[in-house]
Amino acid sequence: MPSIAPSARDVRYSRIRELAEIAMGMEGVLRLYFGESNLPTPAFIKEAATRAMNDGFMFYTENAGMPSLRRALADYYQRMHGVSRDPATEIVVTTSGVQALNVTIRCTLDPGDEAIVLTPAWPNGSAIIQMCNAKVVQVAQPLIGNRYGIDFAALEAAVTSRTRLLLYTSPSNPLGWTAKVDEQRALLEFARRHNLWLMADEVYERLYYEGDIVPTILKLSTPEDAVIVVQSFSKSYCMTGWRLGWIVTRRDLAARAAQLNEFIISHAPSFTQKAAEIALAEGEPFIADLVGRLRANRDFCVQALRTMPGITVPEPEGAFYLFPRVDGLTDSFDFCRRLLMETKVGLAPGVAFGEGGEGSVRLCYAADRSILEPAMERLAGFLNK
Ligand SMILES: Cc1ncc(COP(=O)(O)O)c(C=O)c1O
């Protein structure tokens, strides 16, 4: 009997999904395990997609995405960050952040290569590295006082002659940690010194509570640096189901990623690309409102968690997750399963996020208050038992 290739067979099932699938078979669950808000995509973006369809945007486009969207993205970087990148050669549109990770990891790693991933991290980056027959080397971010940091000694120790890539996420899912400029500078210096691709997953860039926008690594790096920024429309514009993202990177990688897109997905849907131009042009008031809601939710949940027994929760700087540590917890999956069965509150187990994740649980506070309030109450009741 032919068998499944080991490189596919050995990729672990997402433990977030595992928990979610139990929850999906139940009625009335307060779902805080996935990373999305229950806000629909704003009307002005939906209308732009309808208009685009009516205007005939339903045919194949360039593998790298429509030139007009790439220009809009270049304008966005100029306007928001004062960063100049060439839309024709340094920006590629993808069919989601996941696909941006997929195609760039595929372009930078060969079988047997190694990639360092800062963890706890959303598991997809590591899974994609494994799907490329490469090895994941996880380096945990330590909690120092009330803030996560980067263990540069551990990073140095993790480098071997096969290391090609360093992946970090800022703002982080699940930590909410956001790389400060000096941390970005140190990561860039580290990557340059060891001749590594530096991949920055910046999909939560706009969900930031310490200012308007997270400083992108592109501000410190030059177009010649081996830097890859992975981005998405999912989180900033509540467009998770639309599947649209982008990459900003060195021109040789951008060209190769666009070429490989032909064989993976060809390109993102044409009418969603058109709608995304409107999202970029007119989305700022929506984002300001979204971040205001998220900040209030974050403050509410942090306060509630800090009154619960055995919980330590650092205040996140960005994204929409809390990653509380539970004293004495050694099996976060079992904890989440029991919490779900007994209280119908669905959280993601910390173990799903790799090294440094066990002992914590992740909750997404992008849900409505009418969900968060009873969820916090039930969690407190569960912990008090
Ligand atoms: C850190 C991180 N990167 C990338 C993504 C991908 O987002 P999408 O594929 O919806 O664009 C997510 C989604 O949860 C994420 O948490």
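Below, each value reflects all heavy atoms present in this structure, side chains not excepted, and no hydrogens, waters or symmetry copies. Residue numbers count from 1 along this sequence. Counting convention: from 1, in listed order, for ligands and their atoms alike.
Between Asn261 and Gln99, the side chains place a donor N or O and an acceptor N or O closer than 3.5 Å (distance only, hydrogens not considered).
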Show me the donor-acceptor pairs, under 3.5 Å and distance only, between side chains in residues 85-92 and residues at least two apart or in other chains.
unit_1: Arg85; atom_1: NH2; unit_2: Leu218; atom_2: O; d: 3.4
unit_1: Arg85; atom_1: NH2; unit_2: Ser221; atom_2: O; d: 3.4
unit_1: Asp86; atom_1: OD1; unit_2: Ala88; atom_2: N; d: 3.1
unit_1: Asp86; atom_1: OD2; unit_2: Thr89; atom_2: OG1; d: 2.7
unit_1: Thr89; atom_1: OG1; unit_2: Arg251; atom_2: NH2; d: 3.3
unit_1: Glu90; atom_1: OE1; unit_2: Asp86; atom_2: N; d: 2.8

Only pairs under 3.5 Å count here: list side-chain donor-acceptor contacts from residues 373-385, not counting sequence neighbours, and write none if there are none.
unit_1: Arg378; atom_1: NH1; unit_2: Thr343; atom_2: O; d: 2.8
unit_1: Asn384; atom_1: ND2; unit_2: Ala380; atom_2: O; d: 3.0
unit_1: Lys385; atom_1: NZ; unit_2: Glu342; atom_2: OE1; d: 2.7

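For Arg185, there are no side-chain hydrogen bond (donor to acceptor under 3.5 Å, both in side chains) partners, not counting sequence neighbours.
Residues Tyr168 and Ile217 form a side-chain contact, since some pair of their non-hydrogen atoms from C-beta on lies under 4.5 Å apart. Side-chain contact check for Leu187 versus Leu155: some heavy-atom pair is nearer than 4.5 Å.
Around ligand 1, the residues contributing at least one heavy atom under 4.0 Å from the ligand are Ser96, Gly97, Val98, Trp122, Thr169, Asn173, Asp201, Val203, Tyr204, Ser232, Ser234, Lys235, Arg243.
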